[in-house]
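To start, the structure under review is shown below, and the notes come after it.
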Amino acid sequence: MIVCVAVVGHQSFTEADDALKLHHIVHCSLDVVDERVNNPKKSGPTLNETFLGLLYPTENYKVYGYLTNTKVKFIVVTTDLDVRDADVRNFFRRFHAAYVDAVSNPFHVPGKKITSRAFAERVSTIVKSFGLSSAG
């Protein structure tokens, strides 16, 4: 189950009671993102790879990262400790498409929080369907 999705520097989506703890986890993961982006030879992803993979596991969570071509960072925190990379990649692909649609809105002010109700509903749908595609 996904407990937090963050567009780093812009906004995060969580309905968890411990939002501050998740906020801290997201910010701690940024060090790993910077390390992977600045030292691509030492870590897995290739230069044109947007999916950064598992950033780090904690006792209760797994944190995954994604970097768009425009250097926007997406972080997802999940309580599932047995998650397939294919499911996470699919989630990020769908979330990225929703994000692009939202920021392409002519009424959206670049750099500001996305206030679109349609975007929030789309993110909610994507989060709820996480991992279900592999069951069918």
Side-chain angles (χ1 to χ4, degrees):
M1 177 178 143
I2 293 176
V3 291
C4 180
V5 179
V7 178
V8 176
H10 297 286
Q11 67 194 101
S12 63
F13 303 92
T14 183
E15 294 177 0
D17 294 332
D18 50 357
L20 186 60
K21 179 181 180 181
L22 294 170
H23 187 78
H24 178 71
I25 289 171
V26 167
H27 278 278
C28 289
S29 68
L30 294 179
D31 292 336
V32 180
V33 170
D34 289 340
E35 180 182 327
R36 291 193 183 176
V37 170
N38 295 329
N39 301 318
K41 294 176 188 157
K42 291 183 181 178
S43 56
T46 59
L47 216 49
N48 60 358
E49 179 67 49
T50 56
F51 178 63
L52 300 173
L54 178 66
L55 300 178
Y56 73 92
T58 67
E59 188 174 313
N60 300 321
Y61 305 107
K62 278 193 170 182
V63 182
Y64 293 88
Y66 183 91
L67 183 69
T68 69
N69 293 343
T70 56
K71 306 300 181 208
V72 176
K73 299 170 187 123
F74 299 150
I75 306 291
V76 66
V77 181
T78 179
T79 55
D80 285 335
L81 300 180
D82 187 28
V83 178
R84 297 180 335 148
D85 273 358
D87 291 337
V88 180
R89 282 178 191 267
N90 184 41
F91 168 82
F92 277 127
R93 191 182 79 252
R94 293 175 64 202
F95 183 78
H96 188 187
Y99 175 79
V100 168
D101 288 347
V103 298
S104 297
N105 181 337
F107 299 106
H108 172 70
V109 179
K112 298 288 184 185
K113 183 175 181 174
I114 300 170
T115 56
S116 165
R117 184 180 308 140
F119 177 66
E121 290 171 0
R122 192 167 168 191
V123 169
S124 179
T125 301
I126 294 167
V127 167
K128 288 175 184 170
S129 69
F130 177 71
L132 298 179
S133 60
S134 61

Point to revise | Backbone N/O of Leu81 and side chain of Lys62: donor-acceptor pair under 3.5 Å | key: yes
Check your understanding: So which heavy atom on His108 is nearest to which on Lys113, and how close?
Key -> CE1-O, 4.2 Å
Point to revise | Verdict with supporting geometry, Asp85 and Tyr64, side chain to side chain contact (heavy atoms under 4.5 Å, CB included) | key: CA-CA 9 Å; Asp85 273 358; Tyr64 293 88; 3.9 Å; yes
Check your understanding: If only atom types and distance count, is the side chain of Arg89 paired as donor or acceptor with the main-chain N or O of Phe51 below 3.5 Å?
Key -> no
Review point. How about Asp101 and Arg122: do any of their side-chain heavy atoms sit closer than 4.5 Å?
Key: yes
Review point. Going from OG1 on Thr125 to CZ on Phe130, what distance comes out if it is rounded to the nearest 0.5 angstrom?
Key: 15.5 Å
Check your understanding: Is there side-chain contact between Lys112 and Val103, with at least one heavy-atom pair below 4.5 Å?
Key -> no
Check your understanding: Ignoring hydrogens and geometry, is there a side-chain-to-backbone donor-acceptor pair from Thr78 to Met1 under 3.5 Å?
Key -> yes
Exercise for review: Report yes if the distance between the aromatic ring centroids of Phe91 and Tyr66 is under 6.0 Å, otherwise no.
Suggested key: no
**Study point:** Close side-chain approach of Lys73 and Asp34, heavy atoms under 4.5 Å
**Key:** yes
Review point. Can Tyr56 be reached from Val26 by stepping across I, L, V, M, F, W or Y side chains whose heavy atoms are under 4.5 Å apart?
Key: yes
Practice item. Measure the CD-CG distance between Glu35 and Leu55 for me, rounded to the nearest 0.5 Å. Key: 10.5 Å
Practice item. Step by step, work out the side chain to side chain contact (heavy atoms under 4.5 Å, CB included) result for Tyr99 and Ile114. Key: CA-CA 9 Å; Tyr99 175 79; Ile114 300 170; 3.7 Å; yes
Exercise for review: Would you check if the side chain of Asp80 reaches a backbone N or O of Asp82 as a donor-acceptor pair within less than 3.5 Å?
Suggested key: no
**Study point:** From CD1 (Ile25) to CD1 (Ile75), nearest 0.5 Å
**Key:** 11.5 Å
Check your understanding: About how many Å separate NZ of Lys128 and CD1 of Ile126, when rounded to the nearest 0.5 Å?
Key -> 12.0 Å
Practice item. Check whether any side-chain heavy atom of Val5 lies under 4.5 Å from a side-chain heavy atom of Val127, and answer yes or no. Key: yes
Exercise for review: Evaluate the side-chain proximity of Phe92 to Thr50: yes if any heavy-atom separation is below 4.5 Å, no if none is.
Suggested key: no
Check your understanding: Checking side chain to side chain contact (heavy atoms under 4.5 Å, CB included) for the pair Leu30/Val8: CA distance, chi angles, key distance, verdict?
Key -> CA-CA 9 Å; Leu30 294 179; Val8 176; 3.6 Å; yes
Review point. Hey, is the main chain of Ala120 close enough, under 3.5 Å, to the side chain of Ser124 for a donor-acceptor pair?
Key: no
Practice item. Kindly indicate whether the side chain of Val72, heavy atoms from C-beta on, has any atom under 4.5 Å from the side chain of Leu67. Key: no
Practice item. Measure the spacing between CG of Asn69 and NE2 of His96 and express it to the nearest 0.5 Å. Key: 6.5 Å
Review point. Within the distance-only criterion (no hydrogens, no angle test), does the side chain of Asn90 pair as donor or acceptor with the backbone N or O of Ala86 below 3.5 angstrom?
Key: no
Practice item. Kindly indicate whether the side chain of Lys21, heavy atoms from C-beta on, has any atom under 4.5 Å from the side chain of Tyr61. Key: yes
Revision key, fill the gap. When rounded to the nearest 0.5 Å, the distance separating CG of Asp87 from CD1 of Ile2 is 9.5 Å
